[in-house]
Amino acid sequence: MISWNNLDTVASYKELSNVEKVNLAEVMSGENGGKRVKNYSVPMAAGLAFNYAAKQVDDNVLAVLAKLADEMQLAEKFEALYNGEVINTGEKRLVLHHMTRGQLGEAVVADGGDKRNFYVEQQNKITEFANKVHNGEITNAAGEKFTTVVQIGIGGSDLGPRAMYLALENWAKVNNTFKMEAKFISNVDPDDAAAVLNTIDVEHSLFVLVSKSGTTLETLTNESFVKDALKNAGLDPSKHMVAVTSETSPLAKSDDYLAAFFMDDYIGGRFSSTSAVGGAVLSLAFGPEVFAQFLEGAAEEDKLAANKDLLANPAMLDALIGVYERNVLGYENTAVLPYSQALSRFPAHLQQLDMESNGKSVNRFGEPVDYQTGPVIFGEPGTNGQHSFYQLLHQGTDIVPLQFVGFKNSQMGRDVVIQDSTSQQKLCANVVAQIVAFACGKSDDDRNKYFEGGRPSSIIIGDKLDPKSLGALLSHFENKIMYQGFAWNVNSFDQEGVQLGKVLAKRVLAHETDGALKAYSDLLNI
């Protein structure tokens, strides 16, 4: 029997608050630091590893975290989720994004059918469509191949797929799987759509409209923008557009689209990169085989996330270390720092994934909680970030936990030796140096040059960023965030916080305003 309890009601949380704190600078210095780096590491899927040696934990802290995982029934809650229980209590929905890449448990039947079969059917439809586009069986009116795919969507319909595309774009080019260039239109700001349209040949472009409900204001506005451009070029928009939507939306059976691929209410937008939302654009851009490898990596990592042993479950371990940092050590933010230019938009995706999921102040029953929940997430790729905000991370008044990601080899294989080392070696040297600098600091009589240290970080290390390792990386963070939501007893799968602004915006556009709403509307000439 699963119990949904607040974090501050369980005995292990009180014990965690009383366990002796770790002096990070001390344990990471000298030979002890070398031993920690070797011992505090957990294998992940696709050859990745989660190393948490530079976190403020030791065997005593980890033992209490294991008690907390058991007492909060984290593994059992994940099992209930993937077996089809209604975990999204706010919207009274199942949570099934894991099922887009594999079956972890029992068959789940909803909407009159087996959900795993439903997702596989959609993937197969996308595969067939993408192959026909690539083979020239589906063409523009002149019988010429499409060369560009443009995704129109916002939030989870943009951030995840865009981040995944950028992560694999160069890999695909050097591995001869690059099929079509992808562009993305998301912001309702007309300059966004106009800028994209100015860079493409619309005659040879295929547009993917993504809206689960078929009513998303920003997305439908941008669709109209694109349709006008197509019509102005003398083209039939219905021959250049496909839809990713729900079976019940007004887009599902419309003649305005070449094809429609379906998602459902059991997959939140921010968790939708492995569904048709990511599947259509990534399969068109790189080929269905590459998307299949991406799903394979995510599925393998999901299996590790189902392990009940905390020290063999990298997602749960990462999650509970984060809970310890947030609720016992009092750290308010987390920086995501990938030392890979291909992951340039990955922090932006995780920003939505984490903050939209766990930015809650009431528990799953609508009762206020008396402890902190989701942290503020931000980040940029290294080494760019080092020349931007690392000053505050090193010497600022707040301690910010860091999550590094690094790879031994570059994606494209092109490099140059300068001053006895390659660019990739310099990149890796920087991330190693940063981890130790943050943890150990530096003494100096000049206080301006003094580094206190004791600033915690983890790193996920891999050989090379490819489709399978990217899928595993995505799954790790999705599952980490899920486990933190379970620990905080919040519903990580709704997002009521985005709704109020939408309602008020509609009032403004309908000129049904007064007070401050009208005054601000007048300032902006609405």
Side-chain angles (χ1 to χ4, degrees), residues 1-19 61-99 102-111 114-116 264-268 271 301-324 326-328 357-358 360-374 475 478-494 496:
M1 183 72 178
I2 291 177
S3 298
W4 298 92
N5 298 313
N6 281 5
L7 176 66
D8 57 359
T9 66
V10 298
S12 51
Y13 175 65
K14 295 178 176 65
E15 185 179 352
L16 188 64
S17 301
N18 295 324
V19 73
V61 174
L62 292 170
V64 182
L65 290 178
K67 289 182 186 177
L68 181 64
D70 290 340
E71 196 170 4
M72 294 296 290
Q73 299 176 290
L74 298 188
E76 290 80 5
K77 288 169 182 174
F78 184 27
E79 187 174 1
L81 182 151
Y82 63 67
N83 282 329
E85 290 193 23
V86 179
I87 299 298
N88 180 352
T89 49
E91 297 172 319
K92 296 179 174 59
R93 292 173 179 169
L94 290 68
V95 178
L96 299 182
H97 58 274
H98 299 88
M99 204 162 278
Q103 184 95 35
L104 284 171
E106 305 167 0
V108 176
V109 177
D111 302 332
D114 182 295
K115 295 310 296 182
R116 174 59 184 159
D264 56 36
D265 286 335
Y266 312 128
I267 299 176
F271 294 96
E301 191 64 30
D302 287 343
K303 290 177 183 176
L304 292 178
N307 195 319
K308 294 186 178 182
D309 179 359
L310 176 66
L311 297 183
N313 185 329
M316 188 192 294
L317 179 59
D318 195 2
L320 288 187
I321 291 173
V323 169
Y324 178 61
R326 186 78 172 107
N327 298 102
V328 177
S357 294
N358 292 335
K360 312 289 172 65
S361 57
V362 298
N363 67 14
R364 352 182 12 94
F365 308 110
E367 303 159 344
V369 296
D370 294 324
Y371 46 82
Q372 303 301 309
T373 58
S475 165
E478 288 182 347
N479 291 319
K480 172 199 169 181
I481 290 161
M482 169 197 69
Y483 274 128
Q484 288 187 329
F486 288 161
W488 287 318
N489 199 29
V490 299
N491 177 14
S492 301
F493 304 106
D494 64 3
E496 292 301 325

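As the structure is a prediction and not an experimental result, all values here were calculated from the model. We're numbering straight along the sequence, starting at 1.
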[X] (side chain) donor-acceptor with [Y] (main chain) under 3.5 angstrom:
{"X": "Q484", "Y": "G374", "value": "no"}
{"X": "E301", "Y": "S475", "value": "no"}
{"X": "Q73", "Y": "M1", "value": "yes"}
{"X": "D114", "Y": "V109", "value": "no"}
{"X": "R116", "Y": "V108", "value": "no"}
{"X": "R364", "Y": "I87", "value": "yes"}
{"X": "K14", "Y": "D8", "value": "yes"}
{"X": "N313", "Y": "N307", "value": "yes"}
{"X": "K77", "Y": "M72", "value": "yes"}

* Using a strict 4.0 Å threshold on nitrogen-to-oxygen distance, state whether K360 and D494 make a salt bridge. =>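 Yes.
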
If I compare all heavy atoms of [X] with all of [Y], which pair ends up nearest, and what's the gap?
{"X": "N479", "Y": "A315", "result": "CB-CB, 3.6 Å"}
{"X": "D111", "Y": "Y266", "result": "OD1-OH, 3.0 Å"}
{"X": "L96", "Y": "L81", "result": "CD2-O, 4.4 Å"}
{"X": "A69", "Y": "L320", "result": "CB-CD1, 3.7 Å"}
{"X": "A487", "Y": "L74", "result": "N-CD2, 3.9 Å"}
{"X": "V64", "Y": "E15", "result": "CG2-OE2, 3.7 Å"}

* Start with the C-alpha distance between E79 and E85, add both sets of side-chain angles, then the distance that settles side chain to side chain contact (heavy atoms under 4.5 Å, CB included), and finish with yes or no. => CA-CA 9 Å; E79 187 174 1; E85 290 193 23; over 6 Å; no

* Would F493 and F271 count as a close aromatic pair, with their ring centres under 6.0 Å? ->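 That pair passes the under 6.0 Å test.
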
* Do other residues, nucleotides or ligands put more than 12 heavy atoms under 6.0 Å from the NZ atom of K303? ->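 For K303, atom NZ is not crowded (no more than 12 foreign heavy atoms under 6.0 Å).
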
* Counting heavy atoms not belonging to Q372, are there more than 12 under 6.0 Å from its CD? ->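 Counting neighbours around CD of Q372, 12 or fewer heavy atoms of other residues, nucleotides or ligands fall under 6.0 Å, so no.
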
* So do the side chains of Y324 and V19 get within less than 4.5 Å of each other, counting heavy atoms only? ->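 Yes; the side chains approach each other to less than 4.5 Å.
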
* Asked: Are W488 and V323 side-chain neighbours, meaning at least one heavy-atom pair lies under 4.5 Å?
  ->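 A side-chain contact exists here, since the closest heavy-atom pair is under 4.5 Å.
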
* To do: Just do the side chain to side chain contact (heavy atoms under 4.5 Å, CB included) check on L311 and L317 with the steps written out, would you?
  => CA-CA 7 Å; L311 297 183; L317 179 59; 4.2 Å; yes

Nearest 0.5 Å, please: how far is [atom2] in [Y] from [atom1] in [X]?
{"X": "K115", "Y": "L94", "atom1": "NZ", "atom2": "CG", "result": "9.0 Å"}
{"X": "L7", "Y": "N363", "atom1": "CG", "atom2": "CG", "result": "11.5 Å"}
{"X": "R93", "Y": "D264", "atom1": "CZ", "atom2": "CG", "result": "9.5 Å"}

* To do: Evaluate side chain to side chain contact (heavy atoms under 4.5 Å, CB included) for E478 paired with H98, printing each intermediate quantity in order.
  => CA-CA 10 Å; E478 288 182 347; H98 299 88; 5.6 Å; no

* Given the rule in the side chain to side chain contact (heavy atoms under 4.5 Å, CB included) test, do N489 and Y371 qualify, once you have shown the distances and angles that lead to the verdict? -> CA-CA 11 Å; N489 199 29; Y371 46 82; 4.1 Å; yes

